[in-house]
**Q** 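I am attaching a structure below and will ask some questions about it afterwards.
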Amino acid sequence: MRIGWIGLGNMGVPMATNLKKAGYELFVYNRSKEKAQPLLEMGATFKESPKEIAASVDVLITMVADDEAVKDVYTREDGVLAGLKEGQIAIDMSTISPETSKTIAALCKEKGVEMLDAPVSGSVAPAKEGTLVVLVGGDAETYEKVKPIFDIVGKASFLLGGNGAGSNAKLAINSMLGIYIQGLAETVLFAEKAGIPRETMLEIVKLSAVGSPIVNIKTPSIIQDYFPAAFALKHATKDLRLAMDRAKEMDLSFPLIEKAANTYEDALNAGNGELDLMAILSYLAKK
Ligand code: NAP
């Protein structure tokens, strides 16, 4: 099976690397070509446009920033849709709105191509380890065909319904992530202000019922007060924004998601977008 991979950012590089290591014939494209270098050194082939890569593979995967990036990569003149042919499978693993997932799937269907939305839960470390959780929306038969791919990049995959179902699940879990990370930041700052060092408070959290694997992952950056992006704050803000949009569409009110969305939005506007979402801590500390 020839796989095409578009989008070699923080997540795309480790995920595509695992597919290459598993023995798939891999074709890659990234807007900034230099980011493809690690994959090319492993024997992947670079294609010069989304159209060219789509025309060269059996399964085409996109892992790009947001709705605009997915729409651009699929619909531009030299985009994916211009290259896809009947019988191929497209998978979008980016975190985007369910609406855009459904729109792109419908455009693919017009070309006789089944598309799955398959965003992932888990950040760069699980991406490297192949232990992401893959949240899938789309056709059941297509899911079964590409499940071996999901089994390489992830430790579990869930087919949740038709197109858009994976994106809905992803927005739901990232709402919890945004709230939890803000809660962790506030807990650590609360304790610090009361004279309890960060290290000690983090140890207490880890040993208590409210601990979670993400606390281990974020501990070094919290202690060092240094937040290089694993999951960029701009993407976390985008996800909370999309979750609020979905809540409005469903006529639901989620006070915590709304609060968190506003905090991340403010932190983004204060210039923290390229940092990790855990930089919400330093933003709140300064505030
Ligand atoms: P990232 O490091 O910011 O990389 C974004 C990728 O999208 C880059 O390859 C970028 O190309 C490409 N891109 C952006 N706009 C584009 C456009 N208009 N046309 C073509 N390519 C475009 O992001 P990431 O952390 O890998 O995340 C990718 C997706 O996964 C996002 O939807 C994110 O929310 C989601 N996600 C991230 C994590 C995480 O922990 N990082 C976890 C789960 C899900 P350039 O290199 O040229 O900029």
Side-chain angles (χ1 to χ4, degrees), residues 4-18 28-39 46-54 60-81 91-98 100-101 104 117-136 150 153-155 157 166-167 169-178 180-181 213-214 217-218 221 227-243 264 268 272-279:
W5 192 284
I6 297 179
L8 295 167
N10 288 331
M11 294 295 282
V13 168
M15 292 169 77
T17 298
N18 284 337
V28 294
Y29 166 82
N30 196 58
R31 183 177 59 178
S32 316
K33 194 171 177 177
E34 67 279 3
K35 290 190 194 164
Q37 200 48 40
L39 272 305
F46 193 84
K47 291 286 176 183
E48 294 297 333
S49 71
K51 177 183 173 180
E52 225 182 282
I53 191 167
L60 188 275
I61 302 176
T62 41
M63 185 53 161
V64 293
D66 51 22
D67 284 51
E68 284 63 41
V70 172
K71 285 181 196 161
D72 182 37
V73 160
Y74 267 82
T75 62
R76 65 198 221 200
E77 204 177 323
D78 64 348
V80 169
L81 285 167
I91 307 173
D92 179 46
M93 306 193 85
S94 327
T95 304
I96 60 169
S97 67
T100 298
S101 297
I104 300 291
D117 43 296
V120 295
S121 182
S123 192
V124 173
K128 283 184 184 158
E129 292 158 6
T131 56
L132 295 164
V133 178
V134 189
L135 310 168
V136 189
F150 297 148
V153 300
K155 63 180 172 189
S157 63
S167 296
K170 174 63 184 170
L171 296 185
I173 194 164
N174 268 29
S175 297
M176 182 165 168
L177 175 70
Y180 189 91
I181 290 288
I214 195 89
I217 293 168
K218 300 301 180 194
S221 63
F227 302 100
F231 180 36
L233 190 138
K234 64 180 178 187
H235 292 323
T237 310
K238 171 233 346 157
D239 295 354
L240 288 164
R241 212 183 282 144
L242 291 174
Y264 286 88
L268 179 77
N272 297 292
E274 300 300 327
L275 298 174
D276 191 70
L277 86 163
M278 198 66 241

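As the structure lists them, so they are numbered: ligands from 1, and atoms in each ligand from 1. Scope of the values below: all heavy atoms of this structure, side chains included, with no hydrogens, waters or symmetry mates.
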**Q** Evaluate whether atom CD1 of Ile173 has more than 12 neighbouring non-hydrogen atoms of other residues, nucleotides or ligands under 6.0 angstrom away.
**A**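 No, not enclosed.
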**Q** Hey, is Arg76 close enough to Asp78 for a salt bridge, meaning N to O under 4.0 Å?
**A**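 Asp78 and Arg76: salt-bridged.
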**Q** Is there side-chain contact between Lys218 and Ile181, with at least one heavy-atom pair below 4.5 Å?
**A**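 Lys218 reaches Ile181 side chain to side chain.
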**Q** For the CG atom of Leu277 and the OH atom of Tyr180, what is their distance to the nearest 0.5 Å?
**A** 12.5 Å
**Q** Between Lys33 and Glu48 (salt bridge meaning N to carboxylate O under 4.0 Å), is one present in this structure?
**A**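 A salt bridge is present here (some side-chain N lies under 4.0 Å from a carboxylate O).
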**Q** Counting neighbours of CD on Glu77 that are heavy atoms of other residues, nucleotides or ligands and sit closer than 6.0 Å, is the number greater than 12?
**A** no
**Q** Distance under 4.0 Å, heavy atoms only, partner ligand 1: which residues pass?
**A**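 Protein residues near ligand 1 are Gly7, Leu8, Gly9, Asn10, Met11, Asn30, Arg31, Ser32, Lys35, Met63, Val64, Ala65, Ala69, Asp72, Val73, Ser94, Thr95, Val120, Gly122, Ser123, Lys170, Ala230, Phe231, His235, Lys238.
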